[in-house]
Peer 1: 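Below you'll find the structure I mean.
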Amino acid sequence: MEFKKSQELYNKGLVNLVGAVNSPVRAFASVGGNPLFIKKAKGSKITDVDGNSYIDLVLSYGPMILGHRHKKVQKAITKALKNGYSFGASTKNEIKLAKIVCDAFPGMDKVRFVNSGTEAVLSGIRLARAYTGKDKIIKFAGCYHGHQDALLVAAGSGLATLSLPGSKGVPEGAVKNTLIANYNDLESVKAHFEAHDDIAGVILEPVAGNMGVVTPQNNFLKELKVYLQSKGALLIVDEVMTGFRSKFGGAQELFDVEADITCLGKVIGGGFPVGAYGARNEIMEMVAPLGGMYQAGTLSGNPIAMAAGISTLTELKKQNPYEKFNEIAQIIEVFLLESAKKYGVEITVNRFGSMINPFFTNKEVTNFEDAQTSDTKKYATFFWEMTKNGVFLPPSQFEAWFLSSALTEKDIQKITNAIDKSMEAVSKM
Ligand SMILES: Cc1ncc(COP(=O)(O)O)c(C=O)c1O
């Protein structure tokens, strides 16, 4: 397999782009080598500029749940394009997508569309503060909520618990109201409430996907919600990754927990830049123009993005692929575990619906600290062997692999064959 053209573009890209990428997760810093440049994608496959074709388990980090260029989505986008690209005024399709989203999440009477998951979360946090009149927010180590200052706190390390900025350029003042708790550990949340009386709410990924896949244990989400209610604080559920992916109504539907504020992104835009935050009426009525919390966006509710979102969600509801996702994820899990055993490689596999990934560790992974015991060098070897065997994986141990409903039995066979070869390569390190 050749990567010559990707290599050339990478070198060219370095001149005027930062690291030749527009998002650091696309760089290959933790697996070595240079990022692949993509030419096109269709269905379950993605093709790079050298003509190599892969089964895509990245799916643009989640949005492409139907696979690439689904016929109905493409038709809807093409139709919308004929009417214009952006108006700075309302359109019928914004109302239509809002209804689909609010119907899927019982805790949402109203929704506001924005342009990314980051925007959805930063607005959701502002709303929680506006509604409660309190400033502090608890987040969990290892959960990622976009690149807003207040939540870019080093996750999982000792520094994290001290709320030191995790990125240069984030002033300490911006994170002074951010408190860090441990995922799956309600006691660590309670400790913060005992120490502070100005906590507006807790934000979390209901199933974490940004430290690899980590699921809520026992009744963590339900108990958290009950506890927060007793404290008059809000539960802000970041379903940017899990919304419409783990179930049509998100992880909240699966775990039977209702958020006070829900943040969405990725799948609702069907590959276009859409984020959203929503809540029950009394909370959303704080948002301008109804209330005093200001939040705005020139391109918010963009007509092309709305068309992509509506057609993606409509098709997704019709396909209802969630059972199929579970079955495929289970097949992949069994294969990972069996081939790891066969070659004497220690792994733990976590999965939830259409999100799955192996951790190269012998520990059970229930939080960021556990995830960090993984051998990232082994993941790098595994990653490159999978690439060479035609499977496109995220270039990081700490990202979920995503499944699309476009996967065929042949694709699954190819994935399992690649797993076997890649695990063998790891065993020879
Ligand atoms: C859970 C979660 N929240 C927020 C974000 C930020 O979304 P975006 O990259 O669209 O700004 C991400 C991105 O991966 C995410 O996974």
Side-chain angles (χ1 to χ4, degrees), residues 21-27 57-65 101 105 112-128 137-153 155-156 166-167 178 183 201-216 221 235-247 250-252 255 259 261-278 295 297 299-300 302 305 308-309 312 350 352-357 367-368 371 393-402:
V21 293
N22 276 307
S23 185
V25 294
R26 297 177 202 165
L57 298 185
V58 179
L59 298 173
S60 187
Y61 290 88
M64 311 313 299
I65 195 162
V101 172
F105 289 83
R112 167 64 61 81
F113 291 116
V114 293
N115 302 289
S116 69
T118 298
E119 255 191 87
V121 175
L122 77 85
S123 310
I125 297 283
R126 186 180 301 151
L127 180 56
I137 297 288
I138 298 178
K139 86 172 273 285
F140 292 96
C143 283
Y144 176 68
H145 302 291
H147 65 89
Q148 64 160 311
D149 281 359
L151 298 183
L152 261 193
V153 182
S167 161
T178 309
Y183 201 75
V202 173
I203 183 160
L204 89 167
E205 292 179 68
V207 173
N210 285 292
M211 45 179 143
V213 179
V214 176
T215 54
L221 296 180
L235 177 64
I236 308 155
V237 178
D238 178 351
E239 296 235 33
V240 168
M241 195 180 271
T242 51
F244 301 102
R245 175 160 277 289
S246 41
K247 197 86 180 155
Q252 290 174 59
F255 291 105
I261 297 174
T262 299
C263 304
L264 294 162
K266 299 194 191 255
V267 171
I268 49 164
F272 282 77
V274 182
Y277 63 100
Q295 181 276 311
L299 293 176
S300 296
N302 174 270
T312 297
N350 282 3
F352 182 78
S354 56
M355 295 155 59
I356 180 167
N357 76 286
N367 58 34
F368 190 45
L393 293 182
S396 164
Q397 165 71 90
F398 304 110
E399 294 281 353
W401 306 355
F402 294 108

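Here, residue 1 is the first one in the sequence, and each next residue gets the next number. Indexing begins at 1, ligand by ligand and atom by atom, following the structure's order. Side chains included, hydrogens not; waters and symmetry mates left out as well; all remaining heavy atoms used.
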Peer 1: For atom 9 (O) of ligand 1, what's the nearest protein heavy atom and its distance?
Peer 2: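 Protein heavy atom at minimum distance: Thr118 OG1, 4.4 Å.
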Peer 1: For Phe352 and Phe255, take the angle between the two ring planes, folded into 0 to 90°, and tell me which bin it lands in: parallel under 30, tilted 30 to 60, perpendicular over 60.
Peer 2: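 Phe352 and Phe255: parallel rings.
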Peer 1: Would you say Tyr61's side chain and Val25's backbone share a donor-acceptor pair under 3.5 angstrom?
Peer 2: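 Yes, because the side chain of Tyr61 sits within donor-acceptor range (under 3.5 Å) of the backbone of Val25.
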Peer 1: May I ask you to test the Asn210-Cys143 pair for a side-chain heavy-atom distance under 4.5 Å?
Peer 2: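 Asn210 vs Cys143: side chains apart.
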Peer 1: Can a non-hydrogen atom of Glu239 be found less than 4.0 Å from any atom of ligand 1?
Peer 2: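 In this structure, Glu239 fails to qualify as a contact of ligand 1 - no heavy atom is under 4.0 Å.
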Peer 1: Establish, from distance only, whether the side-chain atoms of Gln295 and Arg112 form a donor-acceptor pair under 3.5 Å.
Peer 2: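 Side-chain D/A pair, Gln295 to Arg112: present.
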Peer 1: Sub-3.5 Å donor-acceptor pair from the side chain of Ser246 to the main-chain atoms of Gly353, do we have one?
Peer 2: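 Between the backbone of Gly353 and the side chain of Ser246 there is no qualifying donor-acceptor contact (under 3.5 Å).
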Peer 1: Would you check if the side chain of Gln397 reaches a backbone N or O of Gly212 as a donor-acceptor pair within less than 3.5 Å?
Peer 2: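 Not a single qualifying donor-acceptor pair exists.
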Peer 1: What part of Glu205 sits under 4.0 Å from ligand 1 if we count only heavy atoms: the side chain, the backbone, both or neither?
Peer 2: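 The answer is the side chain of Glu205.
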Peer 1: Relative to the heavy atoms of Met241, which atoms of ligand 1 are at a distance of less than 4.0 Å?
Peer 2: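 Counting from 1, the qualifying ligand atoms are 16 (O).
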Peer 1: Between Ser23 (side chain only) and Arg26 (backbone N and O only), is there a donor and an acceptor less than 3.5 Å apart?
Peer 2: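 The answer is no, because no donor-acceptor pair under 3.5 Å joins these two groups.
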Peer 1: Can you tell me which portion of Glu119 lies within the under-4.0 Å heavy-atom range of ligand 1? Options are side chain, backbone, both, or neither.
Peer 2: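 Looking at Glu119 and ligand 1, no heavy atom falls under 4.0 Å.
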Peer 1: Which atoms from ligand 1 have a heavy atom of Asp238 less than 4.0 Å away?
Peer 2: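 Per the distance check, 1 (C), 2 (C), 3 (N), 4 (C).
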Peer 1: For ligand 1, which atoms sit closer than 4.0 Å to a heavy atom of Gly146?
Peer 2: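 Taking each heavy atom of Gly146 in turn, ligand 1 has 4 (C), 5 (C), 6 (C) under 4.0 Å.
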Peer 1: Nearest to atom 15 (C) of ligand 1 by heavy atom, Val114, Leu264, Asn210, Val237: which?
Peer 2: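 Result: the heavy atom closest to atom 15 (C) of ligand 1 is in Asn210.
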Peer 1: Could you tell me whether Tyr61 approaches ligand 1 through its side chain, its backbone, both or neither, with non-hydrogen atoms closer than 4.0 Å?
Peer 2: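 The answer is neither; Tyr61 stays 4.0 Å or more away.
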Peer 1: Please report which non-hydrogen protein atom sits nearest to atom 10 (O) of ligand 1, along with the residue it belongs to and the distance in Å to one decimal place.
Peer 2: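 Going by distance alone, atom 10 (O) of ligand 1 is nearest to Gly117 N, 2.9 Å.
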Peer 1: Which heavy atom of the protein is the closest neighbour of atom 14 (O) of ligand 1, given with residue, atom name and distance?
Peer 2: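 Result for atom 14 (O) of ligand 1: Lys266 NZ, 2.9 Å.
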Peer 1: Mark yes or no for whether Glu205, through its side chain, and Tyr144, through its backbone, hold a donor-acceptor pair below 3.5 Å.
Peer 2: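 Yes; at least one donor-acceptor contact below 3.5 Å.
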